[in-house]
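No hydrogens, no waters, no symmetry mates; every other heavy atom, side chains included, goes into these values. Treat the numbers as computed from the prediction; the structure is a model and nothing was measured.
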Amino acid sequence: MIAPLLSRLTGPWAFRTPARRAGKLYGFALAEQESMFELREAAALTADPAWRALYLRHALDEARHATMFWRRAAELRREGGGEAPPPLRPSSERLFERLGEERFLAFVHRGERRGRGQFEAWRDVLGRPGGDAKTAALFAAVVADERRHEAYTGELLAAVAGGPRGARRALRRAARYEAWRAWRRAGRALALAAYAASMLALYALVAPLALAVRARAAREPRGWRAPGGA
């Protein structure tokens with residue numbers, strides 16, 4: 001996949017300073033927290049008790065990863081004289097309910113495979129001499145779980161999709177869904193940025209008029225005046 005290669009190329013820059021590392025790790029903590037809620041909902045909705053147990057175990061792993069990433073981000077911020085990052089917040093898109101089990105598994109499997117490759121790349125980048133051995137060890141611990149998650153979701157996907165060929169079709173559909181999801185999120189971000197820029201431009205245009213009105217009001221005599229200017 002392309003993502004791990006890009007992670008190796010951009011890792012030295014993305015993790016160049018403790019502040020950058022803290023920001024990235026906090027982002028990972030939020031993502032793991034969201035995955036935890038998605039998997040808990042999947043466990044509540046699946047019809048297979050054995051699969052429910054796998055989803056719950058996966059959710060526990062994601063919760064632990066979120067805590068690990070948050071704590072390391074807090075350590076890095078404190079080392080730089082800053083404050084701990086904000087607390088993790090609950091977030092869920094209710095993907096299992098919206099996608100169904102097959103598409104949900106394809107989506108999760110792709111995410112675990114991509115995450116495992118990226119974390120392996122960053123583990124290697126930070127494990128170099130002069131890097132960040134503690135954060136590298138954190139990624140190494142998470143990678144071991146990601147491999148297990150990648151394996152079991154692949155097996156469940158093949159089972160529900162009717163075999164390897166069906167799993168490949170489901171993964172292609174998941175890739176298209178991810179692209180559409182990313183495009184929609186980017187569109188929302190662009191819309192917010194455009195709104196902020198338009199509001200700033202509007203304020204800049206209105207500000208001189210507001211100052212002129214205020215100056216004129218300041219020059220007006222105060223108090224009551226009788227009709228006729230008396």
Query raised in the report: Is any side-chain heavy atom of Glu101 closer than 4.5 Å to a side-chain heavy atom of Leu45?
Result: no
Query raised in the report: Can you name the salt bridge (Lys or Arg N to Asp or Glu O under 4.0 Å) partners of Arg103, sequence neighbours left out?
Result: none
Requested in this report: Would you check if the side chain of Glu38 reaches a backbone N or O of Glu93 as a donor-acceptor pair within less than 3.5 Å?
Outcome: yes
Query - Test item: Arg77 and Glu83 side chains (from C-beta on) under 4.5 Å apart, heavy atoms - result: no
Report task. Working to the nearest 0.5 Å, report the span between CZ of Arg57 and CG of Leu39. Result -> 13.0 Å
Query raised in the report: Hey, mind stepping through Glu34 and Glu62 against side-chain contact (heavy atoms from CB on, under 4.5 Å) and telling me if it holds?
Result: CA-CA 9 Å; Glu34 182 172 344; Glu62 300 294 70; over 6 Å; no
Query raised in the report: Among Phe119, Trp122, Tyr26, which residue meets the ring-ring contact (aromatic ring centres under 6.0 Å, His included) test with Phe69?
Result: Phe119
Requested in this report: Any chance you could measure Asp61, atom CG, to Met36, atom CE, to the nearest 0.5 Å?
Outcome: 12.0 Å
Query raised in the report: Any side-chain heavy atom of Trp70 sitting closer than 4.5 Å to one from Leu25?
Result: no
Query raised in the report: Is the shortest heavy-atom distance from the side chain of Gln118 to the side chain of Arg114 under 4.5 Å?
Result: yes
Query raised in the report: Under a single-linkage definition using a 4.5 Å side-chain heavy-atom cutoff for Ile, Leu, Val, Met, Phe, Trp and Tyr, are Phe139 and Met68 assigned to the same hydrophobic cluster?
Result: yes
Report summary line: Those residues at least two apart in sequence (or on a different chain) that pass ring-ring contact (aromatic ring centres under 6.0 Å, His included) with His58 are His149, Tyr152
Report task. Indicate yes or no for a side-chain donor-acceptor contact from Ser35 to the backbone of Ala31 under 3.5 Å, with no hydrogens or angles considered. Result -> yes
Query - Evaluation steps, side-chain contact (heavy atoms from CB on, under 4.5 Å), between Arg64 and Asp145 - result: CA-CA 11 Å; Arg64 179 165 46 82; Asp145 291 334; 2.9 Å; yes
Requested in this report: For residues Leu157 and Val108, determine if any side-chain heavy atom of one lies less than 4.5 Å from a side-chain heavy atom of the other.
Outcome: no
Requested in this report: Return yes if a side-chain donor-acceptor contact under 3.5 Å exists between Ser92 and Glu41, otherwise no.
Outcome: yes
Query raised in the report: In this structure, are over 12 heavy atoms from other groups packed under 6.0 Å from Arg148 atom CZ?
Result: yes
Requested in this report: Determine the minimum heavy-atom distance between Ala43 and Arg52, stating which atoms define it.
Outcome: O-NE, 2.9 Å
Query raised in the report: Is there a side-chain contact between Phe28 and Leu138, using heavy atoms and a 4.5 Å cut-off?
Result: no
Query raised in the report: Has the side chain of Thr153 got a donor or acceptor atom that lies under 3.5 Å from a matching backbone atom of Glu150?
Result: yes
**Report entry** Thr135/Arg72 under side-chain hydrogen bond (donor to acceptor under 3.5 Å, both in side chains): CA gap, chis, key distance, verdict
**Finding:** CA-CA 7 Å; Thr135 304; Arg72 182 57 182 151; 3.0 Å; yes
Query raised in the report: Can Ser91 and Gln33 be counted as having a side-chain donor-acceptor contact under 3.5 angstrom?
Result: no
I'd like a table of donor-acceptor pairs (distance under 3.5 Å, sequence neighbours excluded) in which one partner is a side-chain atom from residues 158-173, with atom names and distances.
residue, atom, partner, partner atom, Å
Arg173, NH2, Glu102, OE2, 2.6

Query raised in the report: What's the shortest heavy-atom distance between Pro18 and Leu76, and which atoms?
Result: O-CB, 3.9 Å
Query raised in the report: Do Arg123 side-chain atoms and Ala137 backbone N/O form a donor-acceptor pair below 3.5 Å?
Result: no
Query - Ionic contact status for Arg116 with Glu120, cut-off 4.0 Å - result: yes
Query raised in the report: Roughly how far, to the nearest 0.5 Å, is CZ of Arg94 from CG of Leu99?
Result: 12.0 Å
Requested in this report: State which residue, out of Phe104, Trp51, Phe37, Phe107, fulfils the ring-ring contact (aromatic ring centres under 6.0 Å, His included) condition with Phe96.
Outcome: Phe104
Requested in this report: Kindly indicate, with the supporting measurements, whether the criterion salt bridge (charged side-chain N to carboxylate O under 4.0 Å, His left out) is fulfilled by Glu146 and Arg113.
Outcome: CA-CA 7 Å; Glu146 298 294 287; Arg113 184 172 60 186; over 6 Å; no
Query raised in the report: Given side chains that start at C-beta, do those of His109 and Leu156 come closer than 4.5 Å, heavy atoms only?
Result: no
Query raised in the report: If every non-hydrogen atom of Ala74 is compared with every non-hydrogen atom of Ala84, which pair is closest and at what distance?
Result: CB-CB, 4.1 Å
Query raised in the report: Which atom names give the shortest non-hydrogen contact between Ala174 and Ala106, and what distance separates them?
Result: CB-CB, 3.8 Å
Query raised in the report: Do you see a donor-acceptor pair shorter than 3.5 Å between the side chains of Arg98 and Tyr177?
Result: yes
